[in-house]
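What follows is a set of notes on a single structure, which appears directly below.
Below, read A as the first sequence line, B as the second, and so on, with proteins coming before strands; counting in each chain starts at 1.
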There are 2 protein chains.
Amino acid sequence: MATIKDVALHSQTSVGTVSRYLNGYQVKIENRHKIEKAIEELGFSINLMAKGLKTNITMTVGILIPTLSNIYSTKIIEGIEHYLDDFGYSILVCDSRDDVKIEKQKLKFLQDKHVDGIIIMPVDRYDSGKNIQETIDSGVSAVLIDRLTQGVTCDAVVSDNVNASYVVMQHIIERGHRKIGIIAGDQKIYTAYERLLGYKRALQDYNLPIDDNLIGYSDYTKIGGSKTVNEILEKNTDCTAIFATNYETTISTVKAVLDRGYTIGQEISIFGYDQTELAEITEPPISLVIQPIEDIGKKAAEFLIKRMKRDMANFPSIKRLATKIITTDSIRNIL
Amino acid sequence: MATIKDVALHSQTSVGTVSRYLNGYQVKIENRHKIEKAIEELGFSINLMAKGLKTNITMTVGILIPTLSNIYSTKIIEGIEHYLDDFGYSILVCDSRDDVKIEKQKLKFLQDKHVDGIIIMPVDRYDSGKNIQETIDSGVSAVLIDRLTQGVTCDAVVSDNVNASYVVMQHIIERGHRKIGIIAGDQKIYTAYERLLGYKRALQDYNLPIDDNLIGYSDYTKIGGSKTVNEILEKNTDCTAIFATNYETTISTVKAVLDRGYTIGQEISIFGYDQTELAEITEPPISLVIQPIEDIGKKAAEFLIKRMKRDMANFPSIKRLATKIITTDSIRNIL
DNA sequence: GTGAAAGCGCTAACAC
DNA sequence: GTGTTAGCGCTTTCAC
């Protein structure tokens, strides 16, 4: 592997000149040609490690996400990758497997790798914050996505969960439903917490009781979701509608309701979350909350670029992106 | 940020000793304690860039995939990440946006980053190979996943597309269907090519004609898929079954058929590809080919680890993983 | 077993 | 504008 020194020798210039050429500084036109020729002939390619050692800049951004294997996560990653690509950054991807301990470990790891910035979806509302703040204190820029967490001062991009949930409930309530079940998630997760909050707030505003029997706390997985749906349906024979607050439990809800022999939008109305595809192939299609996934990634990358350039205007900012609601006959009008 | 030198000073040893300690060599027990104490107190953490510069090892693996935003890709990435994690490797993720030129560029980029190995899903069967081989020649280990491509000598992990497709067709044919449409993909893509091959082979083996009108070449996207389905259905009013050969077109096929007012498994039978969730929520569920996605990632990582350790036994190996077939009433028995 | 020192490939300060 | 050179933090001989 040819080095800058070889190029200097081969082009009869010096390492300084070659380095300057490489970094876009003024170089005599004649030397520029000689250098380009040498680079070409030697197949030279810069050693980013050596460069990084010197400059402390790696042009790498770490992404730390609870789990990689769902479309939500990947679309975010893709959004980030595409945005950062134009700036020459590459991304180091880690998952925390929904575990604060692993999250802490990976954070340390990213620090060791000297990433220039980190985009992170915190595992939980309470414990993730401290670790993230420590990382920030060590000097790397960070941006939170999808979820907020306690004790961190940095930019964040989240979607408007409370409002989405509230609007969904409005829609359901205004069609005459009174016993509305919700498949909530672990309240340590920021989004799960906010979505339940919107549910409760809507009930209160409409003077409807908050009935604990109608609130099912699932683990937000498909299997856990099924269990929760069935529990709610068994405890509440008068339940007419169910709001599933994430993608996985939306699937379980549809499946559980179908398995019970009900028709969606008849015996049971369903409102779900994320992923339009599904909405299109059930009969009737499912009403859904659609999050601006790509935008979350893009916005987060935008923030990060800005902060990595040490532009600290309006720090910290929280960007709350609006969600869209698709309504279909999956919510029956029983008025 | 404390360096090895600080640790040496603080522990009254030398940089050599600290380095030896860090790399697991014998160190006098007394020094070991002093060093550990110093590391603790200084919050020392090794600079992987400096280490990499010296050793030419980055403990980083590049992953290059045509697109990040589908579950197929991410499950593979997750499988790789989890496997490599245990060995201390991290992953640098890039997407080639289905473009050989970008693929080449990113390959070069990963080389510059001095990744120790690369796992790549080539964009196409013909042109990707040359670029990949060049990268391999430069000294990094590489493993192909999902798709093979011309002119590359390295390990590969793919799923058994031809056979999967063949078995699907057997199933459909044996239920009496004769006019079977296929939503194929760009034949430059290895998997698309193989799946169509299995389709044709089955028809031949059953002495059925290969009718070009029944073969639709889609771009493997949801929108393109819909168009292709409708074309086939319009050109062939006697078509009774459709085989969609990837996830996106499976969705479009279901949707297009539903939009035409047909009942799945009645007027039109459908066989699809990937992603069990869908299969569960349509009525009837869709028959599907299920690929061993996680295994592909894991196996690829396994190969790579082996090769990075310079263990060249059985090089190159092609691992063809078996797919599973789920059959449902979406394929009507018309005998 | 250990310390001293060379050097990995690069950047940037310096003197010209 | 350019060449020379110190030094980023580490590993690895070498001599002890």
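A heavy atom closer than 4.0 Å to some atom of DNA chain D occurs in B/T3, B/I4, these being the qualifying members of residues 1-11 of chain B. A heavy-atom distance below 4.0 Å to DNA chain D is reached by none of the residues of residues 37-51 of chain A. Contacts between residues 20-32 of chain B and DNA chain D, counted as heavy-atom distances below 4.0 Å, involve B/R20, B/N23.
Within 6.0 Å of OH on B/Y193 lie no more than 12 heavy atoms contributed by other residues, nucleotides or ligands. Shown here is A/K34, whose NZ atom has more than 12 heavy atoms of other residues, nucleotides or ligands within 6.0 Å.
A salt bridge between A/E81 and A/K75 is absent, with no side-chain N of the basic residue lying under 4.0 Å from a carboxylate O of the acidic one. Salt-bridge annotation for A/R307 and A/E302: absent, with no side-chain N of the basic residue lying under 4.0 Å from a carboxylate O of the acidic one. Salt bridge annotation for A/K298-A/E294: absent, with no cationic side-chain nitrogen under 4.0 angstrom from a carboxylate oxygen. Between A/R97 and B/D85 there is a salt bridge, since at least one side-chain N of the basic residue sits less than 4.0 Å from a carboxylate O of the acidic one.
When B/K37, B/E41, B/K5 are each tested for a side-chain hydrogen bond (donor to acceptor under 3.5 Å, both in side chains) with B/H10, only one passes: B/E41.
For C/dG9, the base has no donor-acceptor partner in the side chain of A/K54 [N/O atoms by modelled type, under 3.5 angstrom].
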CA sep, side-chain torsions, deciding dist, call: B/I80, B/I76, side-chain contact (heavy atoms from CB on, under 4.5 Å): CA-CA 6 Å; B/I80 296 171; B/I76 289 185; 3.8 Å; yes
Residues A/M59, A/F87; criterion side-chain contact (heavy atoms from CB on, under 4.5 Å); working and verdict: CA-CA 9 Å; A/M59 294 303 283; A/F87 294 86; 5.7 Å; no
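When all heavy atoms of B/E103 and B/S128 are compared, the pair lying nearest together is OE1-OG, 2.6 Å. Between B/D116 and B/T58, the shortest heavy-atom distance links the atoms OD1-N, 3.1 Å. Among all heavy-atom pairs drawn from A/V152 and A/Q133, the shortest one is CA-OE1, 3.2 Å.
As rounded to whole Å, 16 Å separates atom C1' of C/dG9 from atom NZ of B/K113. Rounded to whole angstrom, the span from the CG atom of B/L53 across to the C1' atom of C/dT11 amounts to 13 Å.
Looking at residues two or more places apart in sequence or on another chain, you find no side-chain hydrogen bond (donor to acceptor under 3.5 Å, both in side chains) involving A/R20.
Here the range on DNA chain D touched by chain B, meaning any atom under 4.0 Å from one of its heavy atoms, is D/dG9 to D/dT13.
Each end of the helix from C/dG1-D/dC16 to C/dC16-D/dG1 yields a helix axis from five base pairs, and these two axes differ in direction by 40° (to the nearest 10 degrees).
B/T149 contributes no side-chain N or O that, together with a main-chain N or O of B/P122, makes up a donor-acceptor pair within less than 3.5 Å. Although no hydrogens or angles enter the test, the distance criterion places a donor-acceptor pair under 3.5 Å between the side chain of B/T135 and the main chain of B/N131.
In this structure, B/T17 reaches the C/dG3 phosphate: one of its side-chain N or O atoms is under 4.0 Å from OP1 or OP2. Under 4.0 angstrom from either OP1 or OP2 of C/dT11 there lies no side-chain N or O belonging to A/T55.
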